[in-house]
Amino acid sequence: MSFKTLLAYQKGFDLAMEIFHLTKAFPKSEMFGLTSQMVRSSRSVCSNIAEGYRKRQYEKHFKSKLSDADSENSETQLWLDFALACDYISEEKKNELQFKSEEIGKLINYMMKYPDKFGL
């Protein structure tokens, strides 16, 4: 089984792509600030899930990478707060993306709680 079959990865990838497209409309002055931070943290969720899954035979490594993915997911939520505060996104859009991010967090935490279900 590939990490790409994991629901947390799939939803994380979709959210990262949505954020990527959304930030294209942010001011150019944010290119090296908020834009890059939002894109980076959202992509890191997926990369940490992929890295952890590859080393899933080592439970501690698996959980550590999933913990990193969860942290990056939380960071993405922080950047959404800033995007809203700067009036780059609507409250409705922020809430929609926040909900998706929280769902991803629940999936990641399930994986950490039940690592044996993922081939350990």
Name the residue from Asn73, Asn48, Ile49 that meets the side-chain contact (heavy atoms from CB on, under 4.5 Å) definition with Asp68.
Asn48
Would you check if [X] and [Y] make a side-chain contact, meaning some heavy-atom pair closer than 4.5 Å?
X      : Y      : answer
Trp79  : Ile19  : no
Leu6   : Met111 : yes
Lys11  : Glu103 : yes
Met38  : Phe82  : no
Val45  : Ile108 : yes
Lys113 : Asn109 : no
Gln77  : Glu102 : yes

Under a 4.0 Å threshold between the charged nitrogen and the carboxylate oxygen, would Glu72 count as salt-bridged to Arg40?
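Salt bridge flag = yes for Glu72 with Arg40.
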Before accepting this row, confirm whether a basic side-chain N of the pair Glu96/Lys100 lies closer than 4.0 Å to the acidic partner's carboxylate O.
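Result for this pair is yes, salt bridge flagged.
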Compute the ring centroids of Tyr110 and Tyr114, then answer whether they are less than 6.0 Å apart.
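Close enough - the centres of the two rings lie under 6.0 Å apart.
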Quick check on [X]: does its [atom1] atom have over 12 non-hydrogen neighbours (other residues, nucleotides or ligands) under 6.0 Å away?
X     : atom1 : answer
Lys28 : NZ    : no
Tyr88 : OH    : yes
Phe3  : CZ    : yes

Using 0.5 Å steps for rounding, measure from the [atom1] atom of [X] to the [atom2] atom of [Y].
X     : Y     : atom1 : atom2 : value
Ser47 : Phe13 : OG    : CZ    : 12.0 Å
Thr5  : Gln10 : OG1   : CD    : 7.0 Å
Glu59 : Ser64 : CD    : OG    : 12.0 Å

What pair of heavy atoms forms the shortest contact from Cys46 to Gly12, and how long is it?
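Residues Cys46 and Gly12, closest heavy atoms: SG-C, 3.3 Å.
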Closest heavy-atom pair and its distance - Thr76, Ser41
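Of all heavy-atom pairs spanning Thr76 and Ser41, the closest is OG1-OG, 2.8 Å.
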Quick one: do Phe20 and Arg43 satisfy side chain to side chain contact (heavy atoms under 4.5 Å, CB included)? Show the steps, please.
CA-CA 9 Å; Phe20 169 73; Arg43 288 178 177 174; 3.5 Å; yes
Excluding sequence neighbours, so at least two apart, what forms side chain to side chain contact (heavy atoms under 4.5 Å, CB included) with Leu22?
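Leu22 satisfies side chain to side chain contact (heavy atoms under 4.5 Å, CB included) with Phe26, Ile89, Lys93, Leu97 only.
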